[in-house]
**Student:** 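Just dropping this structure here.
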Protein chains: 2
Amino acid sequence: MHKIDENLLLPLPLFSKLEKEQVRTILDQASRRRFETGSAVFHEGALAERFFLLLDGTIRVIKLTADGEQITSIHIPAGQLFGIGKALGRTTYPATAVAASEVLTLSWPTDVWDKFATKYTGFATETYKMVGDRLGELNTRVVDMSTQHVEQRIARALLRLIDQSGRQVEEGIEISFPITRKDVSEMTGTTLQTVSRLLSLWEKNGLVISKRKKIIICNPHQLNILGKM
Amino acid sequence: MHKIDENLLLPLPLFSKLEKEQVRTILDQASRRRFETGSAVFHEGALAERFFLLLDGTIRVIKLTADGEQITSIHIPAGQLFGIGKALGRTTYPATAVAASEVLTLSWPTDVWDKFATKYTGFATETYKMVGDRLGELNTRVVDMSTQHVEQRIARALLRLIDQSGRQVEEGIEISFPITRKDVSEMTGTTLQTVSRLLSLWEKNGLVISKRKKIIICNPHQLNILGKM
DNA sequence: CGGCAGTTTGATCCCGGTCAAAATATGTGG
DNA sequence: CCACATATTTTGACCGGGATCAAACTGCCG
């Protein structure tokens, strides 16, 4: 196993209040692992034996319904912790985490969480801030789902994605991991047909450009207006 | 201001790991206040100067949309903390808290949260467990909203309500605070007309009995089946 | 008793789901 | 490098759940 350069991690909010020395100690206890696109990092209901830090790529958090449908709860961008049920008093993972692209993770045994939280200033604080953000995001999701039409939900979902994991390209801002119509429909509670129709329409109007598994937002401003109608 | 009997609070999970002495100290720093049905305890966006413990009654947490619609995020039953943005790194309240019935609260200045969290074993742990539960609830809300039909969402919402704040009465289990068709529609992302139609239908079939601002579930089992179809 | 808040019921309409089928990419093995 | 299998996207036709509009009804409070 390679040693990881602690300088890469120091800029992360999670470690911002720590000494280089401390980050080194934390890293030395971590396991490093790569996941291929589509593979699961952990499964809903499984014993939460480890918690993870996403070094690179994007994690898609999904839930399965009784009848086998799957819906996307959130996407996690690089730099964030996930699978931290321990921090919230859980012993099992509340959802399944899938690699939305090639993914690089660090992970630690759940047991060390308490030690980290008490020993390292800001570690718990930053984590809970992140939890707060996710709570907020879920909250707006609920509001959206109850009040917004499909067109607006999809527009907002795309904006959220480029906000979290957008990459500037020539034609606009691209979603930095492969994403299908089906994925978008699972994020917004619709069907892939509806998503396809809308993307086609938007492409005709110059709002987006979309290829297979790829979406580029050309005109975020216009999309934002659509999302608020 | 009356002294509050600490024996009332000792059974709460929040205080379960504390000495009587410590609970007394915590209580002595609290302000006690009553809110009438419909009045706001705090408003979305306002500076989070205090956090609250709900002694009696039910709190309805609502969010307002851009166009003035309001949707209900969750209900908080007696015994729980709320308005604890500080624990999640927030400085403002993320939603509005309204008294769904007559309500009795204790509250403390936000500043003392850190002290409580570090000083009193289990205080932080219990709080975060609760946050975890709310995260879970919001998560299932999102799943529900994306996959369930209106009938199922309403059935589940009612079941959740009697689960959290039900009161056994002669004909079945009653929701222990006044609740209108409109309230239910705001919880489920529908319209009061649809809720009314369904409740009428269910009443005809003996599943519920509903009066003005009052709903009694006569047959939770049957409703549970409906909610899973 | 008047007025308001809450509820019921009917009629109509349309968004978006469902079913179906074809078109277009991508990958794989020979 | 081609042929075939599979994954993804597109487009069309149809239909139904539930929103919307409208109006009457009921219980409650001052």
Side-chain angles (χ1 to χ4, degrees), chain A residues 36-38 65 67-71 98 100-101 144-158 175 177-205 208-216 226-227 229, chain B residues 36-38 60 65 67-72 98 100-101 144-158 175 177-205 208-216 226-227 229:
Chain A
E36 302 191 2
T37 307
T65 63
D67 47 318
E69 254 180 306
Q70 81 181 41
I71 82 115
V98 173
S101 58
D144 279 9
M145 299 286 286
S146 351
T147 60
Q148 304 290 90
H149 284 195
V150 170
E151 181 178 39
Q152 294 147 27
R153 299 212 300 269
I154 296 176
R156 284 160 175 253
L158 294 183
I175 294 170
F177 56 89
I179 185 165
T180 66
R181 311 288 184 262
K182 181 137 186 295
D183 293 331
V184 176
S185 73
E186 282 168 359
M187 297 174 56
T188 51
T190 41
T191 60
L192 70 164
Q193 289 93 334
T194 301
V195 174
S196 173
R197 278 184 240 273
L198 268 175
L199 284 181
S200 298
L201 179 66
W202 289 345
E203 182 147 19
K204 208 176 298 172
N205 299 349
V208 306
I209 298 174
S210 75
K211 305 269 167 55
R212 173 177 252 242
K213 289 195 183 193
K214 180 182 293 286
I215 301 176
I216 303 171
L226 265 185
M229 302 259 264
Chain B
E36 300 190 5
T37 307
R60 197 199 319 281
T65 64
D67 47 316
E69 253 179 306
Q70 80 180 42
I71 82 116
T72 299
V98 173
S101 57
D144 279 9
M145 299 287 284
S146 355
T147 61
Q148 305 290 90
H149 284 197
V150 172
E151 182 178 39
Q152 294 148 28
R153 298 213 301 271
I154 295 177
R156 285 160 174 254
L158 294 183
I175 294 170
F177 56 89
I179 185 166
T180 67
R181 311 290 184 260
K182 181 136 183 296
D183 293 331
V184 176
S185 74
E186 281 168 1
M187 298 174 56
T188 51
T190 43
T191 60
L192 70 162
Q193 290 91 335
T194 300
V195 174
S196 173
R197 278 185 240 273
L198 269 175
L199 283 181
S200 297
L201 179 66
W202 289 346
E203 182 147 18
K204 208 176 297 172
N205 299 347
V208 306
I209 297 174
S210 76
K211 304 270 166 56
R212 170 177 255 241
K213 289 196 184 193
K214 179 182 294 286
I215 301 177
I216 304 172
L226 265 185
M229 303 259 264

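Small disclaimer: the values here were computed from a predicted structure and weren't measured.
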**Student:** Looking only at the side chains, is there a donor atom on one of Thr191(B) and Arg181(B) sitting less than 3.5 Å from an acceptor on the other?
**Tutor:**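 Judged by distance alone, the side chains do not pair up.
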
**Student:** Nearest whole Å is fine: how far is dA22(C) P from Leu192(A) CG?
**Tutor:** 18 Å

**Student:** Using a 4.0 Å heavy-atom cut-off to protein, can you give one letter per nucleotide of nucleotides 16-21 of chain C, 5' to 3': B if the base is in contact, S if only the sugar-phosphate is, - if neither?
**Tutor:** SSBBB-

**Student:** How many angstroms lie between OG1 in Thr37(B) and CZ in Phe177(B), if you round to the nearest 0.5 Å?
**Tutor:** 11.0 Å

**Student:** Okay, side chain of Glu151(A), backbone of Leu226(A): is any donor-acceptor separation there less than 3.5 Å?
**Tutor:**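 Not a single qualifying donor-acceptor pair exists.
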
**Student:** To the nearest Å, give me how far apart CZ (Arg181(B)) and P (dT9(C)) are.
**Tutor:** 11 Å

**Student:** Rounded to whole angstroms, how far apart are NZ on Lys213(B) and C1' on dG6(C)?
**Tutor:**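 Going from NZ in Lys213(B) over to C1' in dG6(C) covers 8 Å.
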
**Student:** Which nucleotide of DNA chain D is the first, and which the last, in the 5' to 3' direction, to come under 4.0 Å of a heavy atom belonging to chain A?
**Tutor:**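 Taking any atom under 4.0 Å from a heavy atom of chain A, the span is dA7(D) to dA13(D).
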
**Student:** If I take atom CG from residue Leu158(B) and atom CG from residue Leu199(B), how far apart are they, to the nearest 0.5 angstrom?
**Tutor:**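 Atom-to-atom, Leu158(B):CG and Leu199(B):CG are 6.5 Å apart.
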
**Student:** Whole angstroms only, please: what is the CG-P distance between Leu198(B) and dT9(C)?
**Tutor:** 12 Å

**Student:** Identify whether any heavy atom of Ser196(A) sits under 4.0 Å from a base atom; if not, whether one sits that close to sugar-phosphate; answer base, sugar-phosphate or nothing.
**Tutor:** base

**Student:** Quick one: pull up OG in Ser101(A) and CD1 in Ile175(A) and give me the separation to the nearest 0.5 Å.
**Tutor:**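 It comes to 12.5 Å.
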
**Student:** Could you grab the distance from atom OG1 of Thr147(A) to atom CD of Glu69(B), nearest 0.5 Å is fine?
**Tutor:**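 Going from OG1 on Thr147(A) over to CD on Glu69(B), the span is 6.0 Å.
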
**Student:** Let me confirm one number: the CG-OG1 distance from Asp183(B) to Thr188(B), rounded to the nearest 0.5 Å.
**Tutor:**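 Result: 10.5 Å between the selected atoms.
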
**Student:** Roughly how far, to the nearest 0.5 Å, is the CG atom of Leu192(A) from the CD atom of Glu186(A)?
**Tutor:** 9.5 Å

